[in-house]
Every structure is written in structure tokens, then in C-alpha cells.
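Notes to accompany the following structure.
Ligands are counted one by one from 1 in listed order, and the atoms in each one are counted from 1 as well.
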Amino acid sequence: MNAALPLAAPSALAPIKPSLAGATRTELGDALRTLGLPAREVKMRAAQLWHWIYFRGVRDFNDMLNVAKPMRILLAERFTLERPAIAAEQVSSDGTRKWLIKMKPTGPFDKGAEIECVYIPEADRGTLCVSSQVGCTLNCTFCHTGTQKLVRNLTTAEIVAQVMVARDRLGDFPGGVAPTDGIVPSGEGVRAVSNVVFMGMGEPLYNFDCVRDAIGVLTDGEGLSLSKRRITVSTSGVVPQLEALGRECGTMLAISLHATNDDLRDTLVPLNKKYPIHDLLAACRAYPGASNARRITFEYVMLKGVNDTPAEARALVRLLKGLPAKINLIPFNPWPGTVYECSDWETIERFSDIVFNAGYASPVRTPRGRDILAACGQLKSETEKLRARARMMLEESLAVGLE
Ligand code: SAH
Ligand code: SF4
């Protein structure tokens with residue numbers, strides 16, 4: 001009878017060794033306690049591990065030279081330092097890199113979620129755009145991520161691991177080797193990954209605890225050591241979480257505004273029906289730590305014939321009056337099947353002039369990586385399409401073989 005049941009491969013049911021790459025200090029302490037380490041030693045040993053994992057970026061417990069050999073063996077028996085894998089990479093002619101990152105399966109029947117991560121090098125900085133969720137529940141009509149089916153929150157470790165994967169790939173850990181086929185910032189003392197923006201897949205404030213804990217790991221001065229001022233959390237406007245974000249994370253804030261009246265914003269960013277523009281801007285006015293030196297960025301995607309008139313540029317300026325704000329005009333990145341188009345360049349310039357004359361400097365974000373499927377969410381769907389095509393071809397050739 002059993003013969004009819006599809007049997008899982010034995011490896012599929014083997015217990016998965018947890019990786020410590022991406023762990024918080026508390027999690028590292030807990031891991032050490034499970035190895036039977038006496039309580040008085042846990043803090044010191046966790047600090048050692050922390051240094052090796054986050055400052056040095058080691059991937060093998062054996063390289064942890066000041067950790068006693070029996071301890072290294074014990075660690076390797078129970079844990080790994082594995083990172084999620086890069087399932088696909090594209091390098092643009094302007095040096096932008098886009099990675100499809102495959103997360104480790106969470107159980108025997110999980111194939112491993114895939115998310116996107118984009119690296120944008122500039123002369124004086126390298127910005128990594130990270131994801132906070134697999135997909136997004138919010139369905140903004142111009143955003144490709146909103147159309148993807150599978151949605152789950154990423155764990156703290158999965159968020160941190162995106163930075164580790166990028167630093168591995170870019171040779172940004174001590175002793176690492178930079179890739180030869182791209183551009184990495186070369187300024188004195190500039191790290192390949194100097195800035196992080198939560199502008200990949202997902203709504204970071206719908207995964208607040210993990211995003212906050214990940215920011216804690218990323219900014220820890222004894223590890224990855226990123227500056228809080230070089231981390232920006234972008235939100236579509238989850239008003240009730242803004243105060244906690246400012247207070248508990250102290251990072252920079254970006255608001256995806258995209259419209260100057262509620263009717264239009266209700267369509268573009270449906271979350272607006274719950275938290276309309278007035279409430280959103282009130283929460284921005286109360287945002288802890290906002291000042292002229294730490295301005296809030298307002299993102300505005302330029303959609304042809306939808307939100308790009310001079311009257312709307314003037315309305316935008318009026319709306320933000322009195323707020324310590326920066327405005328970021330984003331040329332729309334089209335994706336297959338979208339009904340929107342990017343505004344013409346002259347329209348963007350006219351809009352940007354009005355904003356500029358009102359005192360906001362250089363507001364248009366240069367499109368990067370256009371030659372490598374620019375819009376957020378596209379690498380994933382393109383790869384899925386390729387896989388579907390490969391599957392189809394395989395099925396066709398099998399069918400031919402059976403004839
Ligand atoms: N969910 C968060 C962060 C991820 S989206 C948010 O909405 O803010 C990051 C930014 O990319 C947002 O400003 C979003 O509106 C913008 N965006 C999404 N799709 C885009 C597209 N196709 N072209 C240009 N910008 C886009
Ligand atoms: Fe989600 Fe942001 Fe895309 Fe809206 S723009 S669907 S909130 S990822």
C-alpha cells in the first residue's frame with residue numbers, strides 16, 4: 001500500500017541546523033546556553049561570536065581563532081553560519097546589482113522564499129535596498145510587489161542576512177575581494193555597503209519588530225556598524241507605527257506620498273483609506289527626531305497624466321509647508337501588465353522646477369539599473385517566468401518522448 005505514496009527524500013526530513021548569521025545578541029546568548037555554557041561565560045562568549053560573525057564576516061566556526069577548539073566543534077555540530085543563497089544576479093552597465101535571494105527553507109516542506117535586494121554604487125556611498133517581507137499585502141496599484149501572491153514576514157535574521165550576502169559578494173568584509181565586473185565605491189574609507197534603505201519588497205512597518213531588531217544588529221558598533229543616519233525606512237504610511245519607529249529605531253524616515261489629495265491617494269496607495277493624508281502628515285509632524293538636519297523624505301512617483309501637473313507640484317509644496325522635508329521624485333519604473341506610464345522628462349522637469357523653486361534641492365532620483373529589469377519585484381517574476389518556460393519545455397519534451 002505504501003508503495004503508492006510519494007516518499008520524501010530522506011534529506012528533506014533531516015533536521016535543519018539553524019544558522020547564526022543574522023542572530024541578535026540575545027539569540028546568540030540563547031544558542032550558547034543550549035550548548036551548556038555556564039551562565040557567567042555566556043555574555044563574553046557571545047561578544048566573541050558577535051565580532052567574528054559581524055565584524056569579520058567569517059563563514060566557518062573554525063576561523064574563530066580565539067574560541068577554544070572543543071567549543072568550535074560543538075558550535076559546528078549544532079549550528080551553521082550559512083547565508084541565504086544568491087539565486088540570480090544581474091549587473092547593470094551603471095554598476096547597479098540586483099540579486100534574487102533564496103531564503104533557507106523554514107521546514108521540510110518549504111521550498112525557500114525568494115526576495116529581491118538591489119545594490120546601487122555611487123562615488124561616495126553604496127546603498128543596499130533591502131526587503132522586509134516576501135511580497136506585500138498592500139496592493140499599491142503602480143507597484144509590482146503588490147501583485148505577488150506569496151506573502152510572509154521576513155525574520156530579523158533574514159533581513160540582516162541581506163546585508164551580509166551583499167558584503168560577502170562585494171568583498172566588503174575584512175580580507176574580502178571586490179568583484180571585477182562592476183563598480184564599487186572607491187573613496188578613502190568608504191565601505192561598499194554604507195547605506196541601507198528599506199525600499200525593497202514589503203511594508204517594513206507591517207513587520208515592525210523584526211525590522212527594529214534587524215536595525216539593532218545592523219547598527220551595533222561592534223559588528224556591522226552602520227550609522228542610523230544611513231538607514232532609511234520607507235513606509236506607505238502605517239500611521240500608528242510611526243512614533244515607535246522614530247523612538248525605537250532612530251533611523252531616517254521616507255514616506256511614499258505619491259498624491260496630494262485623498263481621492264487619488266486612495267487609488268494609488270489604498271492604505272490611504274485607513275490613514276488619510278491629513279493623519280499621515282500629522283504623524284510626520286510628531287515624528288521623534290525629525291529636524292532640519294534630519295529631514296523626512298517624501299517619495300513621489302511620477303505617473304504620466306495621473307499625478308504630474310504643475311498644480312499638483314504646487315499642492316505638494318503647500319502640503320509639506322512647515323515640515324522638515326526632502327522631496328524625492330521617482331520616475332515610474334514600468335513593469336509588464338501595468339496600466340501606468342512614466343511621466344515625460346519635460347513634465348518631470350517642470351514639476352521638479354516648481355519643487356526646487358520652493359526650496360527643495362535636486363529632487364529627481366536618477367533611474368538606476370534600467371537595463372536589468374528595474375522595477376521592484378520584477379527580477380523575481382522574470383525568473384519565475386523563465387522557470388515556468390523551462391518547466392514547459394521539459395513537459396513538452398517529455399510529451400514528445402511518450403508519443
Ligand atoms: N512598502 C514601502 C517600502 C517598499 S516600496 C513603501 O511603500 O514605502 C519603496 C518605494 O518604491 C516606495 O516609495 C514605492 O512607492 C516605490 N515604488 C514601488 N513601485 C514602483 C515603481 N514601479 N516605480 C517607481 N517606484 C515604485
Ligand atoms: Fe507594498 Fe510599498 Fe509596493 Fe505599496 S509600494 S505594494 S506598500 S511594497
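- By heavy-atom distance, the residue among G200, S256, S234 lying nearest atom 4 (C) of ligand 1 is G200.
- For C140, heavy-atom contacts with ligand 2 shorter than 4.0 Å involve the backbone as well as the side chain.
- Neither the backbone nor the side chain of L138 comes within contact range of ligand 1; no heavy atom lies under 4.0 Å.
- Relative to atom 9 (C) of ligand 1, the option among H258, M201, H144, M199 with the closest non-hydrogen atom is M199.
- Within 6.0 Å of CZ on F55 lie no more than 12 heavy atoms contributed by other residues, nucleotides or ligands.
- Interface of C143 with ligand 1, defined as ligand atoms under 4.0 Å from a residue heavy atom, comprises 18 (C), 19 (N).
- Proximity to N139 (heavy-atom distance under 4.0 Å) selects the following atoms of ligand 2: 6 (S).
- A 4.5 Å side-chain heavy-atom check between K69 and I73 finds at least one atom pair inside the cut-off.
- Residue contacts with ligand 1, taken as heavy atom pairs separated by less than 4.0 Å, involve V301 solely via side-chain atoms from C-beta onward.
- Remark: R167 qualifies as a cation-pi partner of F173 under the 6.0 Å distance and 45° angle criteria applied to the six-membered ring.
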D262 and R265: CA distance, side-chain angles, deciding distance, salt bridge (Lys or Arg N to Asp or Glu O under 4.0 Å) verdict:
CA-CA 5 Å; D262 283 324; R265 196 164 189 269; over 6 Å; no

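- Ligand 1 places these atoms under 4.0 Å from at least one heavy atom of E299: 10 (C), 12 (C), 13 (O).
- Within the 4.0 Å heavy-atom shell around ligand 1 one finds F198.
- Screening residues 133-142 for side chain to side chain donor-acceptor pair (under 3.5 Å) gives Q133-N153, T141-Y340 as the qualifying pairs, with residues at least two apart or on separate chains.
- Between E222 and R25 there is a salt bridge, since a side-chain N of the basic residue sits under 4.0 Å from a carboxylate O of the acidic one.
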Per-pair distances, 0.1 Å, donor-acceptor, side chain in residues 227-234, under 3.5 Å, sequence neighbours excluded:
from	atom 1	to	atom 2	distance (Å)
S227	OG	R229	N	3.1
R230	NH1	N195	OD1	2.8
S234	OG	E299	OE1	2.8

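- Close approach of ligand 1 to T235 (heavy-atom distance below 4.0 Å) involves ligand atoms 6 (C), 8 (O).
- Atoms of ligand 2 found under 4.0 Å from any heavy atom of S236 (numbered from 1 in listed order, with element): 7 (S).
- Not a single heavy atom of S256 sits under 4.0 Å from any atom of ligand 2.
- Under 3.5 Å, the side chains of T260 and E312 contain no donor-acceptor pair of N or O atoms.
- A 4.5 Å side-chain heavy-atom check between E89 and W99 finds at least one atom pair inside the cut-off.
- Close approach to L138 involves these atoms of ligand 2, each under 4.0 Å from a residue heavy atom: 7 (S).
- Atoms of ligand 1 found under 4.0 Å from any heavy atom of W335 (numbered from 1 in listed order, with element): 22 (N).
- By the 3.5 Å distance cut-off applied to N or O atoms, G202 is counted among the residues near ligand 1.
- Less than 4.0 angstrom separates some heavy atom of G202 from each of these atoms of ligand 2: 8 (S).
- With no hydrogens or angles considered, a side-chain donor-acceptor pair links E203 and T235 at under 3.5 Å.
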